[in-house]
Amino acid sequence: MPTQLYDAHGRPLEYVRLAVTDRCNLRCFYCMPEEGIRYVAREQLLSYEEMTRLVGLLAGLGVRKVRLTGGEPFVRRDLLPFIEQLSRLPGIDDLSLTTNGVLTAPHVPELARLGVRSVNLSLDTLDRANFRRITRRDELPQVLDTLEALLAAGIEVKINAVVMDGQNTDDLISLAELGRHRPVSVRFIEEMPFNGGSHEATPATLPWNHRRIREHLEAHFGPLTPLPTAPGATADEYRIAGHLGRVGIIAAYSRTFCGSCNRLRITAEGGVKTCLYDQGVLDLRALLRGGASDAEVVAALAAAFRHRAANGFEAEQRRPLHQLSFESMSTIGG
Ligand code: SAM
Ligand code: SF4
């Protein structure tokens with residue numbers, strides 16, 4: 001049995017988000033500039049062997065759930081054999097991934113076979129021209145194919161839509177409508193400042209915060225019925241009368257959910273973030289490549305997790321002075 005690790009605020013470590021690459025085939029406006037970000041050299045990315053070793057060690061600290069993200073996970077070669085390796089690790093019983101859906105559809109049957117039960121699919125609009133403007137690529141049909149393939153395979157689908165003032169706020173209702181006849185959860189995410197310098201930092205008073213998103217949905221659909229949330233969940237979920245699926249609202253910038261946060265992030269370069277808003281608290285790649293033993297890696301991970309900030313505001317304050325918008329979610333592993 002693993003020893004469950006807790007931080008100094010009594011929160012357990014149960015979940016790791018692993019960025020398998022910083023590279024991406026889209027250029028979403030809220031994530032990176034049009035010209036892309038400066039990718040790290042290939043050999044600076046953690047290898048699959050290094051990631052498998054880390055996840056095995058994290059399982060010994062109580063982690064049960066792993067989400068693969070990036071960058072776009074499917075642009076990294078041999079992703080599926082890697083997922084297969086992870087699926088064999090004792091203790092890991094919940095494997096999921098977040099994808100933009102452009103390259104994903106052909107791999108869906110194999111994902112189902114490997115036991116991937118849930119996929120987060122990023123989709124900010126159902127309008128092709130607006131999709132092209134936001135992502136700077138004309139790939140909406142491929143993403144919609146992925147949505148249908150996932151549903152056909154019986155994989156749980158959560159749609160992630162970032163709410164951007166003046167960019168896709170006219171699209172929120174049609175996105176929520178996806179759940180009328182489909183068993184999907186459509187989750188609206190507050191825009192965060194991590195855009196790799198794509199545009200100005202998010203204002204302190206976010207124009208579309210979680211309250212306004214809810215009001216906007218309720219003005220159209222009537223009162224939303226709150227649903228119970230799982231421990232550690234970031235989305236407040238609601239039922240809309242007459243819908244098979246659900247809607248969710250993620251207060252990613254307002255940071256209302258930190259009190260039950262049960263996760264850490266490993267960036268594609270092997271940096272550890274114990275909060276989205278910290279600047280990285282441990283360099284795992286240096287440890288692994290410096291020949292650290294399993295016990296040394298575990299001790300470093302445990303120390304980093306124990307000392308994490310109480311919430312995203314404290315984590316942000318602890319950063320040396322530098323704008324959050326210098327970072328891209330593609331490197332952090334959103
Ligand atoms: N490329 C994959 C994708 O887009 O699904 C996985 C990586 S992406 C960084 C993970 C999630 O972060 C996506 O759902 C994306 O919408 C979200 N994201 C990226 N930049 C964001 C920002 N500035 N604010 C809020 N969410 C953001
Ligand atoms: Fe790529 Fe995902 Fe960032 Fe869009 S949000 S640019 S798909 S990493």
Side-chain angles (χ1 to χ4, degrees), residues 17-40 67-76 79 96-104 107 118-125 131-140 142-143 146-147 150 157-165 167-168 171-172 175 184-203 206-210 213 234-235 248-255 257 263 265-268 273 276-277 312 323-334:
R17 297 174 68 100
L18 184 57
V20 298
T21 181
D22 61 345
R23 288 149 168 79
C24 192
N25 48 351
L26 297 184
R27 292 286 178 273
C28 303
F29 154 87
Y30 48 77
C31 181
M32 57 170 84
E34 184 152 20
E35 64 277 14
I37 52 168
R38 192 170 331 148
Y39 294 138
V40 300
R67 173 174 299 280
L68 304 183
T69 176
E72 172 50 36
F74 285 93
V75 303
R76 183 147 181 184
L79 180 72
S96 56
L97 47 90
T98 300
T99 175
N100 63 31
V102 172
L103 302 170
T104 316
H107 302 293
S118 168
V119 167
N120 287 9
L121 181 65
S122 299
L123 181 58
D124 308 305
T125 176
F131 183 96
R132 194 171 54 226
R133 211 175 47 74
I134 291 170
T135 67
R136 298 146 169 154
R137 299 287 185 274
D138 186 21
E139 308 274 16
L140 179 63
Q142 288 81 331
V143 181
T146 293
L147 172 59
L150 289 167
V157 181
K158 296 178 188 165
I159 290 174
N160 284 353
V162 179
V163 179
M164 294 158 279
D165 190 34
Q167 306 280 330
N168 67 342
D171 301 295
L172 306 190
L175 285 165
V184 297
S185 175
V186 183
R187 294 125 47 94
F188 298 102
I189 309 176
E190 288 180 350
E191 184 181 1
M192 292 182 284
F194 307 110
N195 58 48
S198 160
H199 57 99
E200 298 236 318
T202 315
L206 189 68
W208 282 81
N209 66 10
H210 59 109
I213 297 169
T234 52
I249 300 177
I250 303 184
Y253 191 56
S254 305
R255 291 162 253 187
F257 42 67
R263 64 197 61 191
R265 293 179 155 76
I266 301 179
T267 69
K273 274 177 171 271
L276 242 177
Y277 287 84
Q323 275 180 18
L324 300 178
S325 63
F326 288 176
E327 282 188 70
S328 158
M329 283 296 275
S330 181
T331 344
I332 299 173

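This structure is a prediction, so every number in the text was calculated from the model and none was measured. Numbering of ligands and ligand atoms starts at 1, following listing order.
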Exercise for the section: Please could you name the atoms of ligand 1 that Glu191 approaches to less than 4.0 Å, counting only its heavy atoms? Expected result: 24 (N)
Problem - Side chain proximity check, Phe194 to Leu276, heavy atoms < 4.5 angstrom - result: yes
Problem - Any N/O pair Gly71/ligand 1 closer than 3.5 Å - result: yes
Practice task
Indicate yes or no for a side-chain donor-acceptor contact from Arg265 to the backbone of Arg17 under 3.5 Å, with no hydrogens or angles considered.
Solution key: no
Exercise for the section: Could you tell me which atoms of ligand 1, counted from 1 in the order shown, lie closer than 4.0 angstrom to a heavy atom of Glu190? Expected result: 25 (C)
Handout entry: ligand 1 N/O within reach of Glu72 N/O, cut-off under 3.5 Å
Key = yes
Fill in the blank from the handout: Within the 4.0 Å heavy-atom cut-off, what Leu121 brings close to ligand 1 is neither
Exercise for the section: Using side chain to side chain contact (heavy atoms under 4.5 Å, CB included) as the criterion, list what pairs up with Ser185, not counting sequence neighbours. Expected result: Lys158, Arg187, Glu237, Arg246
Problem - For the student: nearest non-hydrogen atoms of Gly197 and Pro33, plus distance - result: C-CG, 4.4 Å
Practice task
Quick one: list whatever passes side chain to side chain contact (heavy atoms under 4.5 Å, CB included) with His210, sequence neighbours left out.
Solution key: Glu190, Ile249, Ala251, Ser254, Thr256
Handout entry: Under the side chain to side chain contact (heavy atoms under 4.5 Å, CB included) test, residues paired with Glu139 that sit two or more places apart
Key = Leu26, Val102, Phe131, Arg137, Gln142
Problem - Side-chain heavy atoms of Val143 within contact of Asn100, under 4.5 Å - result: no
Problem - Min N/O separation Asn195 to ligand 1 under 3.5 Å - result: no
Completion exercise
In terms of its nearest heavy atom to atom 19 (C) of ligand 1, the top option of Met192, Met32, Lys158, Met329 is Met329
Exercise for the section: Could you tell me whether Asn160 approaches ligand 1 through its side chain, its backbone, both or neither, with non-hydrogen atoms closer than 4.0 Å? Expected result: side chain
Problem - Mode of Phe194 contact toward ligand 1 - side chain, backbone, both, neither (heavy atoms, under 4.0 Å) - result: backbone
Completion exercise
For ligand 2, protein residues within the heavy-atom limit of under 4.0 Å are Cys24, Leu26, Cys28, Tyr30, Cys31, Met32, Gly71, Asn100, Ser330
Problem - From Pro193, Cys31, Ser122 - option closest to atom 14 (O) of ligand 1 by heavy atom - result: Ser122
